[in-house]
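Following: one structure in structure tokens, then a few remarks.
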Amino acid sequence: GPVMATPVNRIAGILRHAPHSAYCLDCLALRTRLSIKDVREATQVLVARRGFRAVRGLCDTCADPKDLIQYSRPPNERAPK
């Protein structure tokens with residue numbers, strides 16, 4: 001069946017399609033139309049996974065200095081189709 005578009009899956013998808021980009025939770029919430037609480041919980045799940053990490057810096061969307069989440073593809077993984 002279709003993969004459920006859970007908050008975790010939706011945010012992972014956005015980050016995987018823009019490797020090395022880093023986004024703040026506010027911008028991810030706006031983009032996904034999820035609550036900030038859902039986004040925060042999802043990013044906490046993601047940072048435990050390979051490739052995802054929390055960083056401090058300037059958001060690639062709003063350019064504010066914030067806590068961000070970023071995906072960097074592990075070297076042995078192919079790009080998503």
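For this chain, numbers begin at 1 and follow the sequence in order. Given the structure is predicted, the values throughout are model-derived calculations rather than measurements.
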| From Tyr71 atom OH to His20 atom NE2, the distance as rounded to the nearest 0.5 Å | 9.0 Å

| Can you tell if the side chain of Val8 reaches within under 4.5 Å of the side chain of Arg49, non-hydrogen atoms only? | yes

| request: Check whether any side-chain heavy atom of Cys24 lies under 4.5 Å from a side-chain heavy atom of Cys62, and answer yes or no. | output: yes

| From Leu15 atom CG to Arg10 atom CZ, the distance as rounded to the nearest 0.5 Å | 13.0 Å

| remark: On a heavy-atom basis, the closest approach of Ile11 and Ala42 is CD1-CB, 3.8 Å

| Do Val47 and Leu68 belong to the same hydrophobic cluster, where Ile, Leu, Val, Met, Phe, Trp and Tyr are linked whenever their side-chain heavy atoms lie under 4.5 Å apart, directly or via other members? | no

Below 3.5 Å, can you tabulate the donor-acceptor pairs from side chains in residues 26-39 to any protein atom, sequence neighbours excluded?
{"residue": "Asp26", "atom": "OD2", "partner": "Lys66", "partner atom": "NZ", "Å": "2.8"}
{"residue": "Thr32", "atom": "OG1", "partner": "Leu28", "partner atom": "O", "Å": "2.6"}
{"residue": "Thr32", "atom": "OG1", "partner": "Leu34", "partner atom": "N", "Å": "3.4"}
{"residue": "Ser35", "atom": "OG", "partner": "Asp38", "partner atom": "N", "Å": "3.0"}
{"residue": "Lys37", "atom": "NZ", "partner": "Glu41", "partner atom": "OE2", "Å": "3.2"}

| request: Taking all heavy atoms of Val55 and all of Ala22, pick out the closest pair and write down the distance. | output: CG2-CB, 4.1 Å

| Heavy-atom check, side chain of Asp60 versus side chain of Tyr23, under 4.5 Å | yes

| query | Any side-chain heavy atom of Leu25 sitting closer than 4.5 Å to one from Thr43? | reply | yes

| Rounded to the nearest 0.5 Å, what separation is found between the CG atom of Asn9 and the CZ atom of Arg16? | 8.0 Å

| Gln70 (side chain) donor-acceptor with Ser21 (main chain) under 3.5 angstrom | no

